Amino acid sequence: MTSAIDHSAVLGEGTTHGEGCVFGAGVRVGKGCRIGHHVVIHPDTVVGDNVRVDDHAVLGKLPMKAANSATTREQQLPPLAVGELSIVGTGVVLYRGASIDAKVLMADLCTVRENVTIGRGTIVGRGVTVENFCTVGRYCKLESECYITAYSTLEDRVFVAPGVVTSNDNFVGRTAERFKHFKGVTVRRGGRIGAGAILLPGITVGEDGLVAAGSLVTRDVPPRTIVRGAPARPWREVPPEQLLENQGWVDA
Amino acid sequence: MTSAIDHSAVLGEGTTHGEGCVFGAGVRVGKGCRIGHHVVIHPDTVVGDNVRVDDHAVLGKLPMKAANSATTREQQLPPLAVGELSIVGTGVVLYRGASIDAKVLMADLCTVRENVTIGRGTIVGRGVTVENFCTVGRYCKLESECYITAYSTLEDRVFVAPGVVTSNDNFVGRTAERFKHFKGVTVRRGGRIGAGAILLPGITVGEDGLVAAGSLVTRDVPPRTIVRGAPARPWREVPPEQLLENQGWVDA
Amino acid sequence: MTSAIDHSAVLGEGTTHGEGCVFGAGVRVGKGCRIGHHVVIHPDTVVGDNVRVDDHAVLGKLPMKAANSATTREQQLPPLAVGELSIVGTGVVLYRGASIDAKVLMADLCTVRENVTIGRGTIVGRGVTVENFCTVGRYCKLESECYITAYSTLEDRVFVAPGVVTSNDNFVGRTAERFKHFKGVTVRRGGRIGAGAILLPGITVGEDGLVAAGSLVTRDVPPRTIVRGAPARPWREVPPEQLLENQGWVDA
């Protein structure tokens with residue numbers, strides 16, 4: 001077994017790869033990358049320097065168009081780009097048309113769809129799905145098994161705990177009207193969502209707002225406020241020592 | 001690297017495949033299919049015409065029998081069948097003994113177990129599990145990361161939102177008695193389950209019934225009724241414009 | 001296509017493997033194992049006799065260190081060990097530094113991280129994540145899609161239903177203080193967690209305690225007690241016929 005490298009693919013100096021890899025036409029991989037076994041990199045994908053890609057990852061996948069999908073449209077997508085020093089875990093699936101900044105960790109079995117941007121230093125946890133048409137900021141943590149619905153915006157330093165579910169269709173799959181109203185969630189800078197919380201379509205979590213674990217969020221969350229319950233109601237202010245401005249964090 | 005094609009496997013006219021594929025004995029793949037890289041198709045599997053199968057998918061897997069599994073029994077299973085114009089996503093696992101109709105979309109990393117039938121035009125979302133002994137109708141949408149427990153029945157045009165959890169064991173793994181009572185959920189034609197809802201064992205959702213997001217469903221849901229809360233209680237009728245009969249949908 | 005077997009890897013008598021496998025340096029696989037296609041076994045991994053490993057599984061993966069991970073530290077890890085008669089499903093990812101006892105079933109697409117031990121006869125369900133620094137006892141059932149957070153302890157005969165979410169950070173990603181307090185969940189012998197329940201950080205479920213489906217557990221659960229609700233409160237005693245001592249189970 002060897003690897004199948006298209007003659008037009010370029011691998012940078014010091015880059016290594018394992019067994020059974022596929023590098024498609026026009027692929028460009030930077031210097032010093034470590035590519036695992038059975039990694040598939042589809043045509044035109046651009047990978048920066050010093051990126052780690054683990055076994056069975058698929059980069060640059062073309063979207064699948066179902067006969068009756070509500071949100072996937074055929075389109076001309078730019079190539080997938082993965083920034084330097086990022087890590088792509090085992091079995092990860094990254095779509096063509098996603099743009100991943102530097103130092104992003106994409107843990108095992110996560111998926112990033114087309115028309116998504118992910119900012120520098122963000123962690124996309126194990127098994128996480130970031131659906132199409134999402135914007136994820138810098139230094140976010142999307143923890144294991146959380147689900148980010150299509151048409152969502154997460155600003156910088158957002159924290160989403162394990163098992164969080166978001167949604168974008170108040171019409172639950174009925175009426176032609178719904179196509180005008182698809183709306184994911186918006187989480188402002190430093191907003192945090194606790195474990196297993198559920199957010200209804202179109203919800204905004206304000207700056208440094210916090211949703212307690214297990215809440216069902218049916219109304220917007222005010223800035224610097226903790227909400228809890230089902231349906232979630234304001235409970236108290238975020239303690240000062242937990243505010244983003246008091247963490248002393250600097251971008252790296 | 002090339003592919004390993006058993007001499008008894010038959011690939012139809014115009015069908016292409018990527019690197020490192022495995023086609024087992026007796027496999028039959030129709031015409032015009034596009035098979036990705038590292039796809040494994042186990043013996044006897046039958047794939048219809050114009051099916052797309054993405055990288056790392058596994059078709060026709062034999063069940064695993066754990067020493068202490070409650071519901072998996074050794075058995076003689078018919079070969080996996082996948083209908084024409086279906087799409088099988090990256091890393092999908094389809095078991096021997098499943099029967100998939102035409103135009104079904106199975107998104108990345110979903111699993112369909114043995115003794116399951118899935119009807120025409122249904123979408124099985126990203127990461128979804130359809131456990132063994134389930135029947136799923138036509139034109140259903142099982143959205144990302146929902147979980148369909150064993151011994152469930154979903155009729156046509158059922159909608160299950162992201163993160164929905166179903167269950168089938170009221171005895172929570174204890175007593176020999178429980179083996180007589182395993183019962184999944186039944187969702188009648190056009191029934192809908194909102195994001196992150198949890199359904200207890202044996203629940204029936206009536207025709208065009210709707211479970212609001214985040215509900216804990218402990219009693220049957222009447223037809224054309226919205227239930228919500230934990231435990232869920234009837235809230236109001238499904239608005240006429242959301243009824244299945246008023247969508248103008250025709251089978252395709 | 002053939003497989004890539006390091007000259008120092010040892011495969012026991014009667015062990016078979018499929019196409020495109022990778023066996024790294026120092027790998028030892030016992031007798032009578034059935035290894036599927038495209039399985040990757042990283043260096044030094046030790047697999048016992050009569051183990052089944054399905055397609056695309058990855059054994060002995062090295063952890064990924066994110067720039068801003070809270071719990072992953074660089075370390076020298078012992079090789080992955082998988083005990084005899086265990087089953088490793090399709091697409092499973094097992095980390096170096098995990099220790100899996102005999103007769104363990106790891107279903108498709110589950111992950112077991114570094115610094116985890118899993119006891120004899122336990123079932124790790126489809127898509128389950130067992131994060132780092134966890135101890136899982138013997139004859140447990142971790143059902144499909146449940147999530148076991150880092151620093152958790154599950155004793156013998158624990159049952160975790162589908163979709164359960166656990167958490168370990170009461171500070172939700174803020175303050176330096178939190179690093180001293182990371183605490184997963186502890187489930188004592190025979191404890192059971194119902195479908196879709198959410199457990200807050202540091203929760204202990206007492207011996208034979210039972211969390212009803214959909215509960216939000218904010219306080220410790222007393223032994224032999226059923227709790228339910230959000231937040232969960234004691235409801236009644238576990239019926240005698242469901243107590244572990246009345247099951248007549250013997251270790252196998």
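Values below: every heavy atom of this structure, side chains too, minus hydrogens, waters and symmetry copies. These figures come from a predicted structure and were not determined experimentally. We name chains A, B, ... by the order of the sequence lines, and we start the count at 1 in each one.
Side-chain contact between A:Val40 and B:Glu19: absent, with no pair of heavy atoms (C-beta onward) separated by less than 4.5 Å.
Side-chain N or O atoms of B:Arg192 include one that pairs as donor or acceptor with a backbone N or O of A:Val172 at under 3.5 Å.
Ring orientation note: the planes of A:His56 and B:His56 are nearly perpendicular, at an angle over 60° on the 30°/60° scale.
Of all non-hydrogen atoms in B:Glu145 and A:Thr129, the two that sit nearest each other are OE2-OG1, 3.8 Å. The two residues A:Ile198 and B:Gly214 make their nearest non-hydrogen contact at CD1-CA, 3.5 Å.
By number of non-hydrogen pairs under 4.5 angstrom with chain A, the leading residue of B:Leu85, B:Leu210, B:Leu244 is B:Leu244. Most heavy-atom pairs under 4.5 Å with chain A, from the set B:Arg228, B:Glu241, B:His38: that is B:His38. Counting heavy-atom pairs under 4.5 Å between each of B:Gly163, B:Gly248, B:Ala195 and chain A puts B:Ala195 at the top. The residue among B:Arg126, B:Glu143, B:Gln247, B:Arg52 with the most heavy atom pairs within less than 4.5 Å of chain A is B:Arg126.
Using a 4.0 Å cut-off between charged nitrogen and carboxylate oxygen, A:Arg174 and B:Asp208 count as a salt-bridge pair.
Of the two parts of B:Ala161, neither the backbone nor the side chain holds a non-hydrogen atom closer than 4.5 Å to a non-hydrogen atom of chain A. For A:Ala4, the parts sitting under 4.5 Å from any heavy atom of chain B are the backbone and the side chain alike. Proximity to chain B involves both the backbone and the side chain of A:Phe171, based on heavy atoms less than 4.5 angstrom apart. Contacts between A:Leu199 and chain B at a heavy-atom distance below 4.5 Å are absent for every atom of the residue. If you measure heavy-atom distances from A:Cys146 to chain B, you find no contacts under 4.5 Å at all.
Residue A:Leu59 holds its CG atom at 10.5 Å from CG of B:Asp55, rounded to the nearest 0.5 Å. In this structure, A:Leu62 CG and B:Asp54 CG are separated by 8.5 Å, a value rounded to the nearest 0.5 Å.
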